[in-house]
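Just so it is clear, the structure is predicted and the values come from calculations on it, not from any experiment. Just so we're on the same page: letters track the sequence lines, and every chain starts at 1.
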Amino acid sequence: MNLPTLTSADFFPMLPAIIMVVGACILLLSEVFLSAHSSRGYQAVLTAITAVIAGVVALKMVFEPAREVFLGFGALDPFSSFLTFVVCVALALATLTSAGFLRKRGAERGEFYALMLFATAGMSLLAISNELITLFVNLEVLSISTYALTSFLRRGTRPSEAGFKYFILGAFSSAVLLYGAALLYGATGTTHLTGMVLPLANAVRTNPALVYTGALLVAAGFAFKVAAVPFHMWTPDVYEGAPTPVTALMSAGVKAAAFAALVRVFVTVGPGLDPQLPLTLFSTLALLTMVAGNLLAIPQRNVKRMLAYSSIAHAGYLLLGVAALFATAPGEAFSLLGSTSLGTTATPQAVARAEALRGILFYLLAYTVTAVGAFGVVSVLERREDEERGTAWDLERFSGLAQRRPGWAFAMAAFMLSLAGIPPTVGFLGKLLIFRSAVDAGLIGLTIIAVLSSAAGVYYYLRVVVYMYMRPVPEGAHALERNWMTEFALVVSTVAVVVLGIAPGPVTEWLVQAGHLLGR
Amino acid sequence: MLSLLIFFPLVGVLVMYLLPKRVGRTVATVTSGVELALAGVMALLIDWSRGGVLQLEERVAWVPTLGASYHVAVDGLSVPLILLTALLTFLSLLYSGVEEERPPTFHAMFLVMETALIGLFSTQDLLLFYLFWEASLVPMYFIIGVWGHADRVKAALKFFLFTRLGGLALLLAILGLYLGVEPHTFDIPTLVRAQPYAGTSTAAALILLCFLIAFGIKLPVVPLHTWLPDAHTDAPTEGSVLLAGVLLKMGGYGLVRLALPTVGDMLAEWALVLAILAVVSGLYGAAVAMAQEDLKRLVAYSSVNHMAYVLLAVAVAAMLGAGSEARQAALTGAMYQLVAHGLTTGALFFLVGMIARRAGTREISKLSGLWGAVPVLGTVLAVVMFASLGLPGLAHFAAEVQIVLGALAVWWWAAAGMLLAVLLTTAMFVWTLQRVLMGRSDGLKGLKDLSAREGVTAAALLVLLVVLGIFPGPLAKLIEGATEQVRAAVLTRR
């Protein structure tokens with residue numbers, strides 16, 4: 001029997017994930033030598049440094065040519081490398097806000113950071129998965145870590161409720177995804193995405209019901225992970241109940257990784273399907289998600305819940321970008337098959353598709369720096385005592401913040417404007433890129449709805465600004481503790497939000513590369 | 001030079017925050033004074049006889065992968081509005097010394113807005129245009145929401161939501177233009193030369209619709225005007241001055257700079273509807289102003305009336321082919337109207353602010369005999385109101401006459417409708433003057449007349465109103481050079 005040979009080149013795309021796993025192991029090991037009262041300040045710093053190193057490595061990999069690795073189980077391409085960079089940014093920023101958060105609650109433990117690292121390693125691996133079983137395993141690595149993180153603070157009912165809810169619904173959605181994958185395997189006889197295209201095209205003719213059920217179930221599984229309407233029900237409760245830095249990592253990182261997998265699966269096997277199917281599917285999801293996310297966020301007085309609904313709305317804009325991927329590619333079904341290198345004939349559709357991919361990636365980066373920053377501000381304002389009563393995240397918390405902590409208020413205002421997509425913030429450039437590819441793809445009606453719903457979104461983002469700048473400081477407001485790590489994360493996010501909005505500079509260079517998905 | 005002009009106010013903001021709080025206002029005022037001087041230097045540097053040529057051009061790559069560049073240049077359309085912005089910002093900051101003490105942030109907002117507005121009027125890149133368009137919105141939102149009058153938070157939110165909706169429509173229109181040319185570019189001169197949407201098509205109609213929503217909200221045109229009275233009334237005096245004096249001009253400028261040269265043929269197709277809307281706005285603005293009890297609201301509604309002329313002029317210009325005298329008259333009139341309205345309405349809001357601060361009320365019924373109590377203030381108010389109703393020899397007359405003459409060449413009824421609106425405005429202002437200035441001044445005894453600071457503010461605007469009214473020549477010539485270019489850009493019709 002011939003054993004397949006693996007070379008170090010096969011492990012290369014896993015490098016960021018390996019770095020993060022090593023970091024996690026160091027953290028877990030070092031925890032053994034600490035007593036309950038030892039200082040654990042180094043843990044957040046170590047995690048952040050690990051994340052930064054992994055991120056830098058991922059950025060270097062953006063310039064690697066796209067190729068299949070691990071006998072086709074993995075795909076190294078600029079798209080996945082840039083996405084790994086995005087999740088590393090999310091991890092670094094979320095970690096920096098964790099230290100102060102956990103210390104206030106006396107819950108600073110190495111496991112927390114290790115779980116964050118494992119989850120992010122899972123995200124990175126999910127982005128390079130090119131085979132359905134691998135994809136499923138990595139999705140579970142990521143999910144199980146986040147289930148544990150969600151209920152990490154065991155005091156009170158909310159974290160357990162959130163963790164349990166997330167676990168039950170998450171397991172259900174994983175099963176749905178797996179079932180869909182099994183159906184696709186049944187229809188095609190392979191689980192390799194690239195190898196699936198030709199058999200799929202035959203199966204569509206012979207047994208369409210099987211193929212479409214499988215594709216729909218896989219899409220539903222992903223829709224759950226990215227919190228697309230109508231699979232979003234878990235989001236507000238879980239986001240509210242989870243520790244705020246974990247919520248930040250979930251809303252930015254988990255969503256980015258799930259989008260990466262979704263894009264890879266459907267773009268790769270897309271040519272084997274009727275192109276109308278993914279287009280209709282993602283257009284419908286985008287429409288529902290944008291409208292519902294924005295409308296449901298409007299009545300929220302709880303800022304953390306509002307950000308949860310806002311994260312749903314942003315998933316909607318991203319789905320608009322995903323829909324644009326498919327609208328641009330009718331008819332090119334088999335032309336690019338088998339060409340796994342860059343620089344093949346660039347049809348207009350391929351160019352447009354690369355633009356749409358860049359739009360999605362930039363939007364994910366923009367959303368990451370903004371949302372993690374916003375959750376960071378939320379986390380410094382909350383107190384454990386108020387959590388059970390549910391007032392920890394009330395809008396009132398933000399009253400007069402501009403007078404008490406002008407820096408925090410300015411940062412939060414920048415994040416809110418960025419989430420609302422107002423220039424000169426990064427959120428605007430993200431929306432611009434997404435809307436551009438949507439208009440280019442001919443999705444005019446959907447883009448107009450996106451524009452209208454994001455106009456509605458301005459209302460609830462601005463309300464936070466109103467409270468910070470136009471309300472007096474409430475009487476008996478508790479003191480606001482400062483924490484240098486959190487404030488450092490806020491400064492980094494704010495600078496990123498403004499600078500990337502005015503001069504995206506080098507990021508656009510990486511993005512030019514990152515528009516290349518393996519084989520496309 | 002232009003970059004210095006655009007970003008100098010931001011330097012002032014930086015200095016303000018480095019120095020102690022109490023000198024904040026002084027630093028801001030000095031900054032805006034220097035900025036006004038810089039704008040003056042800019043006006044001297046350009047060639048006034050070649051208003052149609054882009055001058056003082058600067059261009060550097062910005063987001064090359066997107067086809068967006070930092071491209072700024074001025075022509076006859078932008079120079080008057082830049083000067084107006086610099087002047088009104090300076091006067092607002094100068095005037096703010098008579099109002100209650102305000103934190104440095106308040107004055108910083110004006111400087112930030114000045115950068116955004118001057119940037120908007122001088123950019124030749126659509127993405128940059130959009131950037132500045134939205135950037136001007138945020139400071140005004142804070143000015144109204146934090147330092148406004150009674151119902152400020154609601155008014156600020158309404159203002160923000162309306163203009164944001166318009167901004168998003170503008171973004172769609174810009175994307176449409178951007179995708180219309182190969183290779184994709186945001187460069188305005190390139191787009192105008194390429195004419196991707198000449199003739200009538202669904203795409204052109206969609207783009208025009210988006211432009212009309214964006215600029216119609218800003219201008220504002222009935223029925224998109226409902227944010228205006230609240231925002232103007234509840235903004236602090238300095239905020240109202242800039243809001244009415246400059247921010248409304250963004251709508252008119254956008255129509256002439258972007259809509260007319262790019263989707264001119266489609267605009268001609270819809271011109272009739274726009275003309276009807278313009279006449280309705282003109283009549284409605286004047287009539288509703290007459291019914292107002294609050295002096296500030298009255299001035300606010302009179303803006304709806306004045307801005308209607310601009311829309312009418314654009315509709316007329318779209319209808320008339322190249323080379324027509326009437327077209328030229330209408331467009332030049334429109335730009336002139338923007339400047340004249342900036343000056344008169346700016347002055348009116350200053351004066352209303354001065355009156356309200358003295359009398360403690362803006363209700364017309366409680367303000368009688370102003371002339372007897374404060375003769376200088378009363379006289380200035382009378383002159384400015386006469387200017388606003390279009391008295392010959394003052395700035396508005398030159399503008400409105402040209403627009404009505406232009407309209408006469410296309411639709412006689414539109415000209416007639418506008419004349420009726422002039423009549424209504426005249427009646428409205430004269431009646432207001434009668435109620436406010438004449439009569440017994442029992443309630444207003446012992447009020448102080450204009451202070452030196454207020455006097456300078458009012459006098460500067462008054463002098464300009466008279467000068468522009470009597471010698472419209474040089475400015476009109478500069479604008480004409482530019483409007484000829486706009487005309488040349490519309491190529492293919494009929």
Heavy-atom distance under 4.5 Å between the side chains of Val27(B) and Tyr17(B), does that happen here? no

Answer with side chain, backbone, both or neither: which region of Leu433(A) has an atom nearer than 4.5 Å to a non-hydrogen atom of chain B? side chain

Less than 4.5 Å to any heavy atom of chain B: does that hold for the side chain of Ala413(A), its backbone, both, or neither? neither

Looking at side-chain heavy atoms only, is the closest gap between Thr163(B) and Glu134(B) below 4.5 Å? no

Highest number of heavy-atom pairs under 4.5 Å with chain A among Trp147(B), Tyr70(B), Tyr141(B) belongs to Tyr141(B)

Of all heavy-atom pairs linking Ala231(B) and Phe159(B), the shortest is CB-CB, 4.1 Å

Would you mind telling me which of Ala135(B), Gly145(B), Ala156(B) has the largest number of heavy-atom pairs within less than 4.5 Å of chain A? Gly145(B)

Leu206(B), part contacting chain A, at a heavy-atom distance under 4.5 Å: side chain

Quick one: of Leu157(B), Leu171(B), Leu168(B), who has the most non-hydrogen atom pairs under 4.5 Å with chain A? Leu168(B)

Any side-chain heavy atom of Leu287(A) sitting closer than 4.5 Å to one from Ile449(A)? yes

Is Thr425(A) in contact with chain B via its backbone, its side chain, both, or neither, using a 4.5 Å heavy-atom distance? neither

Measure distances from Phe132(B) to the heavy atoms of chain A and classify the residue's part below 4.5 Å as side chain, backbone, both or neither. neither

Is Leu131(B) in contact with chain A via its backbone, its side chain, both, or neither, using a 4.5 Å heavy-atom distance? both

Region of Leu137(B) that comes under 4.5 Å of a non-hydrogen atom in chain A: neither

Pro424(A), part contacting chain B, at a heavy-atom distance under 4.5 Å: both

Establish, yes or no, whether the cationic atom of Arg164(B) lies under 6.0 Å from the six-membered ring centre of Phe160(B) and within 45° of the ring axis. no

May I ask you to decide whether Lys158(B) forms a salt bridge with Asp230(B), counting only side-chain N to carboxylate O separations under 4.0 Å? yes

Rounded distance [0.5 Å steps], CZ in Phe428(A) versus CG in Leu417(A): 13.0 Å

Whether the side chain of Asp125(B) engages the backbone of Ser69(B) through a donor-acceptor N/O pair (distance < 3.5 Å, no angle test) should be reported. yes

What part of Val439(A) gets within 4.5 angstrom of chain B, counting heavy atoms only: side chain, backbone, both, or neither? both

